[in-house]
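Keep in mind that the numbers below use all heavy atoms, side chains included, and drop hydrogens, waters and symmetry copies.
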Amino acid sequence: MITEAILKKCEQGDVQAMLEVANAHYNGEDGNVDYNKAFSLYAQILSIEPNHAAANNNLGDCYSYGYGVAEDKSKAFEYYKNAALLGMIDGQYNLAYCYKTGEGTIQDYSKAKEWLQKAALSGDSRSMVELGNLFEKGLGVEKNFSIAFSCYKQAADRNDQLGLSCLAYCYKYGVGVEVDNQKAFELWLSSAKQGNVTSQFNVGKSYRNGDGVTQDLVEAKKWLKLAADQGDGEAENDYAELLLNNTHKTSDDIKDGISYLIRSTEAGYLLAYFNLGLIYYNGEIVAKDLSKALAYWTKGGNAGMGACSRNAASMYRDGEGVPKNLDLSLRWYKQAIHQEDSVAAVTVGLAYFLGEDFGEQNYAKARAYFEKGAEFGNSDALYYLGRIYADGLGVEQDDKKALEFFKNGVDADNASCKVEYAIFLAESLGGLSQDLNLSITLLEQAWNQGNNSAPDVLNQVLSRFDYELFEPNHYYELSLRLAELGYAEAQFNMGIIYNKNENFTIDREKAREWEKKSADNGYPPAQAAVGFEYMIEEDGDNCIKYWEMASQNGMVKVMSDLAHIYLFGEIGIPVNIPRAIALYTKSAEAGYSFSQ
């Protein structure tokens with residue numbers, strides 16, 4: 001508190017008193033900030049004592065922020081430099097910051113490092129953190145996570161809230177140390193208790209996700225709100241999501257959630273625009289309002305969020321809440337693509353691929369948009385590019401190029417690419433050596449990911465190639481899974497397994513059961529096999545039943561064998577010369593030499 005005695009000394013030109021009064025005005029110690037008076041007093045101090053370190057540093061602050069004087073970063077730099085050269089830690093830190101950011105001077109990471117090291121050696125925890133940041137990001141130095149970790153730890157050991165937060169980040173993401181989520185949480189919690197907004201946000205997320213600590217949505221809500229109430233846009237959005245996604249939410253939760261989302265947009269957090277648009281588009285927790293949805297997505301899109309631009313494009317394309325306008329839709333899609341939204345690129349590419357929405361089928365345009373989507377990391381774009389080259393759509397057919405795209409898609413865990421790559425492996429396309437076991441493994445993965453074509457292709461691969469080419473247990477597991485879903489080929493494969501696969505116990509009863517299911521399901525080889533078994537058992541009626549099915553499905557040998565039964569009246573079947581002649585004729589016409 002500034003006493004009358006200090007004020008009197010200040011008026012008499014006592015430098016220390018002048019500094020105390022100036023600081024009081026600058027910090028508003030009497031409840032009233034007065035930057036003009038603070039600036040004037042700092043300047044007076046320097047007129048009396050030019051090498052006063054604190055006055056130089058504080059006058060630098062005034063010029064840096066425009067407090068009591070017009071903002072002038074260059075002058076701020078000069079005053080910070082004076083303070084730094086006079087050995088003041090704050091001045092050294094501020095000078096380093098100027099060199100790091102290029103404020104008031106030419107950016108120079110090397111000089112920033114030099115001054116940060118000086119301040120850090122004097123025990124300044126802020127400088128330790130900034131020095132760690134240089135090494136973490138490789139700014140003017142070779143990137144070195146171990147040194148970065150060490151710098152952050154030195155600051156954290158001094159209980160510096162930012163140092164604690166940065167050290168927590170290291171433990172969370174393995175920067176210079178092994179990942180330790182529990183340690184990361186503990187450090188964030190220590191920092192959060194000191195009011196660090198980033199740490200409060202991360203503590204809230206940790207409680208929400210059960211990451212490094214037991215999940216506790218009550219604690220999550222508390223910490224996210226603390227960060228949100230400090231104006232952190234991401235925290236405002238996440239706190240709102242917690243309120244709105246609560247299955248027991250109240251009308252007040254909905255009101256507050258929307259309010260925090262609006263605050264989040266005002267803080268510049270773009271995802272909040274997307275979420276607000278989604279709320280009004282879906283109409284699940286508030287009345288559906290397509291106009292509001294479009295308004296939020298329009299604002300978000302114009303603020304730079306590609307997903308918002310894409311959703312606005314979709315509404316104009318489909319005429320949702322606005323008259324259908326394909327030109328405007330394409331304009332919004334192009335804006336989304338400019339904002340590097342990969343889904344927008346694939347959507348437009350697919351429209352040209354199929355000849356829908358934006359004009360006639362145009363594979364060249366489709367390819368260009370898919371290439372843009374692939375550039376942005378969209379694995380569906382890789383699938384369509386592969387299809388274009390595999391099928392020669394607007395380009396020269398090229399299995400090797402197709403294979404390259406499909407392989408990149410496999411590496412990105414894309415299910416459709418796994419199916420295509422599996423086909424290439426099974427058929428030895430694109431210069432690949434056949435690998436049936438890898439083929440069926442990829443198809444199984446794609447199936448488990450929900451790809452609808454994967455089980456069909458898997459069924460074809462397992463049925464087309466001899467079972468001995470596959471790993472026995474995997475072949476059995478996949479055949480059984482397909483058979484139980486009603487795939488006739490797989491059911492027949494199960495019959496083969498129980499009939500003659502030496503890797504499993506022979507079980508004629510189970511074999512007959514699966515073969516009959518396959519035959520009744522319309523699979524000709526199974527019909528032929530079941531009919532043959534009934535013939536051996538001299539069950540004429542059932543033999544004729546299944547061989548007639550097989551004959552109708554084009555099994556030429558079965559036609560000939562069945563004709564023989566009708567010709568000679570074997571296994572209790574009456575002679576039927578006309579039917580025998582018809583079957584021999586059909587078989588002969590199909591090229592079967594015995595019938596000919």
Side-chain angles (χ1 to χ4, degrees), residues 306-307 309-310 313-314 317 326-327 329-436 438-443 445-447 449-458 460-461 464-465:
S309 297
R310 178 192 356 121
S314 176
R317 180 194 64 195
L326 293 178
D327 289 337
S329 172
L330 185 57
R331 196 181 314 158
W332 275 103
Y333 274 125
K334 287 182 176 179
Q335 175 169 301
I337 294 166
H338 181 71
Q339 293 162 339
E340 300 189 3
D341 185 83
S342 68
V343 176
V346 172
T347 301
V348 177
L350 194 56
Y352 283 115
F353 187 84
L354 299 173
E356 297 175 350
D357 296 328
F358 305 124
E360 295 180 354
Q361 193 172 57
N362 188 320
Y363 292 126
K365 283 187 176 181
R367 187 175 77 254
Y369 281 107
F370 290 144
E371 286 171 348
K372 186 62 70 173
E375 178 187 331
F376 297 153
N378 189 293
S379 62
D380 286 332
L382 296 170
Y383 165 72
Y384 286 112
L385 285 167
R387 283 278 309 278
I388 283 172
Y389 282 99
D391 299 336
L393 303 175
V395 294
E396 185 176 345
Q397 198 277 340
D398 190 330
D399 279 343
K400 286 189 176 180
K401 272 196 173 181
L403 180 64
E404 182 181 342
F405 286 116
F406 291 144
K407 178 63 170 65
N408 289 338
V410 169
D411 292 341
D413 202 32
N414 182 277
S416 296
C417 287
K418 288 179 181 179
V419 171
E420 297 298 328
Y421 193 72
I423 293 172
F424 273 59
L425 283 168
E427 302 289 347
S428 302
L429 299 174
L432 280 179
S433 298
Q434 187 181 63
D435 190 333
L436 293 175
L438 179 55
S439 175
I440 64 172
T441 295
L442 290 171
L443 290 168
Q445 290 175 5
W447 187 5
Q449 288 174 260
N451 184 278
N452 291 327
S453 65
D456 293 335
V457 177
L458 179 59
Q460 292 169 21
V461 171
R464 181 176 172 186
F465 299 99

Determine whether D341 and Y333 satisfy the following criterion, side-chain contact (heavy atoms from CB on, under 4.5 Å), listing intermediate values before the conclusion. CA-CA 9 Å; D341 185 83; Y333 274 125; over 6 Å; no

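- Defined by atom type and a distance below 3.5 Å, a donor-acceptor pair is missing between the side-chain atoms of Q434 and S428.
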#### Entry: I337 and Y369: CA distance, side-chain angles, deciding distance, side-chain contact (heavy atoms from CB on, under 4.5 Å) verdict
CA-CA 9 Å; I337 294 166; Y369 281 107; 3.6 Å; yes

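- Between atom CD1 of residue I423 and atom OG of residue S439 there is a gap of 8.0 Å, rounded to the nearest 0.5 Å.
- Not counting sequence neighbours, R317 has no partner by the salt bridge (Lys or Arg N to Asp or Glu O under 4.0 Å) test.
- Looking only at side-chain heavy atoms (C-beta outward), F370 and K365 stay at 4.5 Å or farther from each other.
- Of the possible polar contacts, none joining the S309 side chain to the W332 backbone as a donor-acceptor pair under 3.5 Å is found.
- Sorted by first then second residue, the salt bridge (charged side-chain N to carboxylate O under 4.0 Å, His left out) pairs that include residues 392-409, not counting sequence neighbours, are K407-D411.
- At a threshold of 4.5 Å between non-hydrogen side-chain atoms, the residues F358 and S329 count as touching.
- In this structure, S342 contributes its side chain and N378 its backbone to no donor-acceptor pair below 3.5 Å.
- Within the 3.5 Å criterion, the main-chain N or O of L393 finds no donor-acceptor partner in the side chain of D391.
- For the residue pair A381 and A374, the shortest heavy atom distance occurs at CB-N, 3.4 Å.
- Distance check: C417 SG to N408 CG gives 8.5 Å after rounding to the nearest 0.5 Å.
- Taking CZ of R310 as the start and OG1 of T347 as the end, the distance is 7.0 Å to the nearest 0.5 Å.
- Residues S379 and Y383 form no side-chain contact, since every pair of their non-hydrogen atoms from C-beta on lies 4.5 Å or further apart.
- Atom CZ of F405 has more than 12 heavy atoms from other residues, nucleotides or ligands within 6.0 Å.
- Among all heavy-atom pairs drawn from F424 and L403, the shortest one is CD2-CD1, 3.7 Å.
- Within the 4.5 Å cutoff, the side chain of K418 has no heavy atoms near those of the W447 side chain.
- A heavy-atom distance below 4.5 Å is found between the side chains of L432 and Y421.
- Between Y363 and Y352, the ring center distance fails the sub-6.0 Å criterion.
- In this structure, E420 contributes its side chain and A402 its backbone to no donor-acceptor pair below 3.5 Å.
- Here the shortest heavy-atom pairing between V419 and L443 reads CA-CD2, 3.9 Å.
- The salt bridge (Lys or Arg N to Asp or Glu O under 4.0 Å) check on D456 picks up nothing, with sequence neighbours excluded.
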* To do: Step by step, work out the side-chain contact (heavy atoms from CB on, under 4.5 Å) result for L442 and L438.
  => CA-CA 6 Å; L442 290 171; L438 179 55; 4.2 Å; yes

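- Annotation: side chain of Q449 is in contact with side chain of D413 (closest heavy-atom distance under 4.5 Å).
- Here the side chain of Q397 pairs a donor or acceptor atom with the backbone of A390 at under 3.5 angstrom.
- Atom CD of E340 sits about 7.0 Å away from atom CD of E375, to the nearest 0.5 Å.
- Across all non-hydrogen atoms, the minimal contact from A426 to V461 is CB-CG2, 4.2 Å.
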